[in-house]
Each structure stands twice: as C-alpha cells, then as structure tokens.
Amino acid sequence: ERPETSFDILGMRSGPDPRTASPLLFVAVLVCCVSHFMYGFSLCFTSPAQSSMEGKPKVRYVSGQVVEVFPPSDLAVFLPAQFTFYAALFTMGALAGAFMGSAMSNRYGRKRTLELSACPHVVSWLATAWFADPVLLTMARMLTGFAVGIGAAVMPCYISEVSTISVRGPLGAVSQLYLTCGLFATNLLGSYATVVKVEEHTFCDWRRLALLGMMFAAVLFFMAFMPESPKWLAQQGHVQAAKLALRRLRVGDTTAEEIELEAAVGLRTPRPGDGGGSSRTVALSYSLSDCRVSLIIAMAMLFFLQFSGITAVMMFTTDICAKAGMTNAELCTVSVMVARIVFGGASCAVVETMGRRRLLQSSSFVMGVCHVALSYYYSLMGGAWEAPPWVALAALSLYVTAFASGMGPVPWIIVGEIFPVEVAGVASAMATSVGWVSSFVVCVGFRHLQATVGIGGAFLFFSMPCFACTLFVTALLPETKGKSIEEVLQALNSGCLHVLVGRRRFEDATAPKSLYA
C-alpha cells in the first residue's frame, strides 16, 4: 500500500498529505447531494401516485358483495397508456438537462449550476400540484426531469473536484444514499402521510406530495453559500479565487496545492523545495479525444446501471409487490426501501476498503442471480405449486441491497474519477445522456416487455445486462481507488482495452502495479 498522498487538484500526486477535509467540504457535499435526493424523489413519485392518477379502484366487501372504491375525481387524470408516457418522459427531460448542465457548469461553474437547478425543480413541482390537464402535467414532469438531468451531470464533477483522494469514494457514495433516501421519502410520504381517505381505503394525494417535493428542492438554493470547485476556478484563470475556495475546503497547509493551482494556468512550475514534492510540470491539458476510453467506460457503466432494471423496479415497485400476491404492497415497498438505505449507508464505508471494481463485480452478479430467482418465482404463479410471497420480497430486497452497495453508487463515482477538469462537464453530459436514453427505453419498454413475455420473462431479460456488466468490469475496468486522474487515464489508455487480445503490463515505471487487484 502506498502512503496517503497529496491532492488530486490537477491529477498528480506529490508527497505525503498533511491536510484533511474541512467540515465545510462535507457540508457542501451534503447540500449538493440534495440534487440526487430529488432524483430519487422525482423518479419514484409515480410509484405511490400511480393508482390515484390512473383512477384505479380499490376493492372492499359489503355483505359478501364486491364494492369498488375510486379515488377522488380531481386526482384521477390519466389513462393507463398516458400514465406510462408521463412516467417515462421524465427521462427525456433529464437528457436535455444533462447537456444544459454541461454547458452551464463550464460557463458559470459547478456550484452556481447546482444552485440554479433549484429553479426548474420548484417551478415543475408547483405546476404538478396545480395543473389538472394531462398534457400540462406531462410537461411539468419533463421539466422535473430537466432539473434532475442538470444535477446528475454536474454533481459527480463537483464532488470529485472538491474532495481529497481519501474521502472521494465515500463522498461519492453518499450521493447514492441520498437518492435512496429520496426513493424512500416518496414511498413513505405518498403511502402514509399525503393520503386522502375514501370510505375505508386511502389514496395518495399526489398534489400535496408535489408540494413537499418543491420544499425539498428549495434546499439547493443554499449552494450559494458553498465554495466553488477550485479546479474549475483555476481552469478559468481565477487563481486567487481558487486558492480562497481551497482554503475553505481544507484544514492544514494548502501551499502545495496552491502551487499546482498556479501551474494549472502556467504561472509557475512546482519545484522540489516548494512543498509539492514533485519536479515535474503539472500544467497538463487534456482534450476529449484524449479521454475516448474513459468516455466508453463511463457510458457503459451508466448503460448497465439502467439496464440492470433498477428504474423499472423502482418506478413500479408497488405494482410488482402487488402482483407477487402481497396483501400490503405499500408496506412491502417501504421495507425494500429501508433495506436499500441501510446497505447504501454501508457502501459509503466499504467503497474505499473493497474498491470500486470488486463492489461492481459482486453487486452486478448478485443482481443477475436475483433476477433469475424472481423470474423462476413468477413462472410458478398459477401452477400447481406456488412459492409464498415472502420469496419474492426476499429476492427483491436482496436485489436492491446489491444495487445500493455497488451498482448504484459506483458508476457515478467512476464518472467523477476518470475525466480531467478540462472535459469533465462535456464528458459527464455525454455519459449521462446514454444513461437517460437507456432509462427511457427501459421505462417505456418495461410494460410492453411484461405484456409480451410476462413479468417473469422481463426479469430474466434484465438478468443478462447484469451478468454482462460483471464480465465487462472483470475484463476492462481497472481499479480507480486512490488513483489520480493521470494514473487512471494511463491505465485506461495503455492496457485496459487490450485485454481481449492479450493483457499486457504497463511499461511506464510510474504506472500502478496492481490496477486489476
């Protein structure tokens, strides 16, 4: 093990690191991660709201007679086919938001872009609470996706650029924990808090739930009080502002980092006596063409993330639990969310000990096995022998647990770790756009796939990308834990994609010795 080394401000390591992250760094990350909380809240909004929005009745028995109880008419606004597109067009708005987030973050900075993303969030949720027309509600849903897309493209860059190497992984995993909390909050509030009672049944009052979403999104305005990314400021030539931001984000001596900030704009070349411990010039510049392999890796990771089936599972969790024959589908959904939060929190602790690569390998494989188990369970329904409902709940809980511990947080961590600051905004937008398109395809195609091959066949289909991800990570993805961007790019461009024609060791003496450990 190499000793903890200095900052990753320009992708170089230079000697022992005497500094620690300041409390303000953790506060800044926690505030910016509200963007991912809104991602989870917005994505799962359709789960508790679906029955009310579609006007689906609930059944009660009176004197042996079946009586259907319908939700209030002002909540029933969609036909089932309309609701499918309402749920799925969220991802199209997010696709546009990803590219807008890239342009805004390059021009106005990471912090300011995250702050401004609160505006479309607030407007869209207010519109959702107010409108009754299906078309206007769908437009509001797309605007929500637009706001989420901005945050998803910018947040990994911000976390990676303000963090020290030692906390970069855990802080990156916190974003996925926030997303899980958003999913949990939507299901809990939509199933038990923002409800309206009709006779003996309750229905989600999604208008009040939308107002709560507006209040949560307003927290992003507090990004105005957080430091800007020192890397971005240095790249823009604002060296003094970068130094001030750096001092707010660190506790201890920042002289060495400040020297390399100056080197970023060609003002100075670090010398051995400067405290940086490096005799090399660090004024490196990367273009998108230098990061082609990084881009392929990032796109593949977000493709696998979406085609693992998580979007469809989370969006229709209640429906899946109901089809499994569970008498209280809403409570089962909340139980699944609790498991995901617990193990999502655990991933923050193990991401630096186990490493990104092992977490991805194990979680994707377990998710594939869970898909196969669920497929087998549903294939037995209606037959001579049926498994009890808890089997489906156990498989579903294990699935989201595996997702929360690896497949959920790690792709976003990798996106923030494999691009230099010069191309981080554009490259992240391109990678996340693949994720959003994949999400749209999954959301729209899930019900059609379910109608064609059954829910068991759908789960079997989603097992294939999970197993493919395991093979992809094993063959092509190096470990990025504790590596600078310079080392990661060297690994990706020097040997990782040559595995298919025969793995070769890196000849550069400065290359890490255990990239595939």
- Item | Min side-chain heavy-atom separation Arg250-Ser22 under 4.5 Å | no
- Are the side chain of Ser35 and the backbone of Cys32 linked by a donor-acceptor contact shorter than 3.5 Å? no
- Query: Can you check whether Cys44's main-chain N or O pairs, donor with acceptor, with Thr186's side chain at less than 3.5 Å?
  - Reply: no
- Report the residues that fulfil side-chain contact (heavy atoms from CB on, under 4.5 Å) with Thr401, sequence neighbours left out, ordered by chain and then residue number. Ala339, Phe343
- Query: Hey, does the side chain of Thr113 reach the backbone of Met104 with a donor-acceptor pair shorter than 3.5 angstrom?
  - Reply: yes
- Task: List in chain and number order the residues that pass side-chain contact (heavy atoms from CB on, under 4.5 Å) with Ala224, two or more places apart in sequence or in another chain; answer none if no residue qualifies.
- Result: Glu115
- For Leu43 and Thr46 the tightest heavy-atom approach is O-OG1, 3.6 Å
- Message: Side chains of Pro23 and Val251, heavy atoms from C-beta outward: is any pair under 4.5 Å?
- Response: yes
- Message: Minimum heavy-atom separation for Ser433 and Leu95, please, with both atom names.
- Response: CB-CD1, 3.2 Å
- Item | Sub-4.5 Å side-chain heavy-atom contact between Leu89 and Met92 | yes
- Side chain of Arg110, backbone of Met155: donor and acceptor closer than 3.5 Å? no
- Item | Sequence neighbours excluded, every pair satisfying side chain to side chain donor-acceptor pair (under 3.5 Å) that has a member inside residues 409-420 | Arg168-Glu417, Arg356-Glu417, Glu417-Thr480
- Task: Compare all side-chain heavy atoms of Leu183 with those of Phe41 and state whether any distance is below 4.5 angstrom.
- Result: no
- Query: Are Glu161 and Ser229 close enough that a side-chain donor and a side-chain acceptor fall under 3.5 Å?
  - Reply: yes
- Task: Please name all residues satisfying side-chain contact (heavy atoms from CB on, under 4.5 Å) with Pro227, sequence neighbours left out, ordered by chain then number.
- Result: Leu24, Ala28, Tyr158, Ala245, Arg248, Leu249
- Item | Ser308 (side chain) donor-acceptor with Leu305 (main chain) under 3.5 angstrom | yes
- For residues Leu171 and Leu25, determine if any side-chain heavy atom of one lies less than 4.5 Å from a side-chain heavy atom of the other. yes
- Might you point out which heavy atoms bring Ala153 and Ala429 nearest each other, and give the distance in Å? CB-CA, 4.4 Å
- Message: Using modelled atom types and a 3.5 Å cut-off, is there a donor and acceptor pairing between side-chain atoms of Ser362 and backbone atoms of Leu359?
- Response: yes
- Item | Steps toward side chain to side chain contact (heavy atoms under 4.5 Å, CB included) verdict (His121, Val148) | CA-CA 8 Å; His121 267 303; Val148 168; 3.6 Å; yes
- Message: Using a strict threshold of under 4.0 Å (side-chain N to carboxylate O), is an ion pair present between Glu258 and Arg247?
- Response: yes
- Message: So does Ala88 get a backbone contact from the side chain of Thr91, meaning a donor-acceptor N/O pair under 3.5 Å?
- Response: yes
- So, the side chain of Ser163 versus the backbone of Ser160: is there a donor-acceptor pair under 3.5 Å, distance only? no
- Query: How many angstroms lie between atom CD of Gln236 and atom CD of Glu228, to the nearest 0.5 angstrom?
  - Reply: 9.0 Å
- Message: If I take atom CD from residue Gln176 and atom CD1 from residue Ile341, how far apart are they, to the nearest 0.5 angstrom?
- Response: 11.5 Å
- Query: Roughly how far apart are Ser175 OG and Ile413 CD1, rounded to 0.5 Å?
  - Reply: 6.5 Å
- Query: What orientation do Tyr399 and Phe403 show, parallel under 30°, tilted 30 to 60°, or perpendicular over 60°?
  - Reply: parallel
- Message: So which atom in Gly425 and which in Asn106 form the shortest heavy-atom distance, rounded to 0.1 Å?
- Response: CA-OD1, 4.0 Å
- Query: OG1/Thr144 to OH/Tyr39 distance, rounded to the nearest 0.5 angstrom?
  - Reply: 14.0 Å
- Task: Could you tell me whether Phe99 atom CZ has more than 12 heavy atoms of other residues or ligands within 6.0 Å of it?
- Result: yes
- Go through Val338 and Phe184 one step at a time and tell me if the side chain to side chain contact (heavy atoms under 4.5 Å, CB included) criterion holds. CA-CA 7 Å; Val338 170; Phe184 177 74; 3.5 Å; yes
- Quick one: do Val34 and Phe222 satisfy side chain to side chain contact (heavy atoms under 4.5 Å, CB included)? Show the steps, please. CA-CA 10 Å; Val34 172; Phe222 285 96; over 6 Å; no
- Would Val167 and Thr164 satisfy side chain to side chain contact (heavy atoms under 4.5 Å, CB included), going step by step from the backbone distance to the final call? CA-CA 6 Å; Val167 299; Thr164 60; 3.2 Å; yes
- Item | Leu114 to Val154 - nearest heavy-atom pair and separation | CG-CG1, 4.0 Å
- Message: For a 4.5 angstrom cut-off between non-hydrogen side-chain atoms, does Pro230 reach Val162?
- Response: yes
- Are the side chain of Trp232 and the backbone N or O of Glu422 linked by a donor-acceptor pair below 3.5 Å? no
- Task: Enter the distance from Met354:CE to Gln361:CD here, rounded to the nearest 0.5 Å.
- Result: 9.0 Å
- Task: Measure the shortest side-chain to side-chain distance between Phe304 and Pro411 over non-hydrogen atoms and say whether it is less than 4.5 angstrom.
- Result: no
- Query: What are the two closest non-hydrogen atoms of Val31 and Met223, and how far apart are they?
  - Reply: CG1-SD, 3.6 Å
Which atom pairs, donor and acceptor, lie under 3.5 Å between side-chain atoms of residues 456-473 and protein residues at least two apart or in another chain?
{"from": "Ser463", "atom 1": "OG", "to": "Leu460", "atom 2": "O", "distance (Å)": "2.5"}
{"from": "Thr470", "atom 1": "OG1", "to": "Ser364", "atom 2": "OG", "distance (Å)": "2.6"}
{"from": "Thr470", "atom 1": "OG1", "to": "Phe365", "atom 2": "N", "distance (Å)": "3.3"}
{"from": "Thr470", "atom 1": "OG1", "to": "Cys466", "atom 2": "O", "distance (Å)": "3.2"}

- Message: Taking Gly101's backbone N and O only, do any of them form a donor-acceptor pair with Ser105's side chain (distance below 3.5 Å, no angle check)?
- Response: yes
- Qualifying salt bridge (Lys or Arg N to Asp or Glu O under 4.0 Å) pairs with a residue from residues 456-467, counting only residues at least two apart or across chains: none
- Rounded to the nearest 0.5 Å, what's the gap from CG on Leu360 to CD on Glu479? Could you check? 9.0 Å
